[in-house]
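Working notes, beginning with the structure itself.
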Amino acid sequence: MKKKFLPLILTLLGCGGRSNAPTDAPALTAADWEKTTKIEYRYGDSSVAPDYHRSYLITITDSMKTMVIDSYGDVLLSKQYSNTPTDFQIFKEELSKKGIKKHDETDSGGCCGGTTETLRLYSADAIVFDAYVYHCSGKYGTLFLPDGTADFIRSQIPESVDSLINSTFQND
């Protein structure tokens, strides 16, 4: 009789019966993508000296693409490019095929100093999707961002993102 209750007791105590793997939330639906009017992708750089720290935000709507590069919140470069509703629709359709998912949060276990990627989708001013992945000796957070997705988002900026970032460094 005791053997029957042991697994139940261990599960209730959190000592067994639970996986550490993240559980996927419901995937974004076609309706979620259709009502999306703005997409934000943020890359947060690792903890390094301000002279070398470069984070950036790419914002894309049906009329504008924006690239903002900062170092710990100090804006170093901001560029805007025009967009069209047709190009925005094509971008959303391609992005929707990438397999982006939100899942239950996984904890970094105290790891610090890594990089972060955040993806937000808006309908007007309301956030319809908000998730992040923290890269620090593994992947933590709430976002599953398939390989190549960040590069696809970066490719929407008409200039090389790496060149724009490099242009913000002091030439000593």
Response to the item:
In this structure, CG of Leu95 is separated from CD1 of Ile90 (nearest 0.5 Å) by 13.5 Å

Worksheet item: Rounded to the nearest 0.5 Å, how far apart are CD1 of Ile60 and CE of Met67?
Response: 10.5 Å

Those residues that, when tested against [X], pass side chain to side chain donor-acceptor pair (under 3.5 Å) (two or more places apart):
X: Ser137; answer: none
X: Lys79; answer: Glu159
X: Asp162; answer: Arg154
X: Thr86; answer: none

Distance-minimising heavy-atom pair for [X] and [Y]:
X: Gly44; Y: Ser55; value: CA-OG, 3.5 Å
X: Leu145; Y: Ala150; value: CD2-CB, 4.4 Å
X: Ser46; Y: Thr115; value: N-CG2, 3.6 Å
X: Lys102; Y: Ala131; value: CG-CB, 4.0 Å
X: Tyr122; Y: Val128; value: N-CG2, 4.2 Å

Mind checking whether [X] and [Y] have side chains closer than 4.5 Å, heavy atoms only?
X: Leu119; Y: Ile39; result: yes
X: Ile69; Y: Leu164; result: yes
X: Ile100; Y: Pro146; result: yes
X: Lys38; Y: Thr59; result: yes

Item to complete: Could you pull out all residues at least two apart from Tyr134 that satisfy ring pair (Phe, Tyr, Trp, His ring centres under 6.0 Å)?
Response: none

Practice prompt. List in chain and number order the residues that pass ring pair (Phe, Tyr, Trp, His ring centres under 6.0 Å) with Tyr140, two or more places apart in sequence or in another chain; answer none if no residue qualifies.
Written response: none

Response to the item:
Here the disulfide bond (SG atoms under 2.5 Å apart) pairs for residues 40-100, sequence neighbours left out, are none

Worksheet, complete the sentence: Here the disulfide bond (SG atoms under 2.5 Å apart) pairs for residues 69-134, sequence neighbours left out, are Cys111-Cys136

Item to complete: Only counting residues at least two apart or in another chain, list the ones meeting side chain to side chain contact (heavy atoms under 4.5 Å, CB included) with Glu34.
Response: Gln89

Response to the item:
For residues 38-86, the ring-ring contact (aromatic ring centres under 6.0 Å, His included) pairs (sequence neighbours left out) are Tyr43-Tyr56, His53-Tyr72

Worksheet item: For the rings on Phe152 and Phe91, is their centre-to-centre separation under 6.0 Å?
Response: yes

Worksheet, complete the sentence: The complete set of salt bridge (Lys or Arg N to Asp or Glu O under 4.0 Å) pairs with one or both residues in residues 52-77, sequence neighbours excluded, reads Arg42-Asp70

Worksheet item: Which residue pairs pass the salt bridge (Lys or Arg N to Asp or Glu O under 4.0 Å) test when at least one of the two sits in residues 124-151, sequence neighbours left out?
Response: Arg120-Asp130

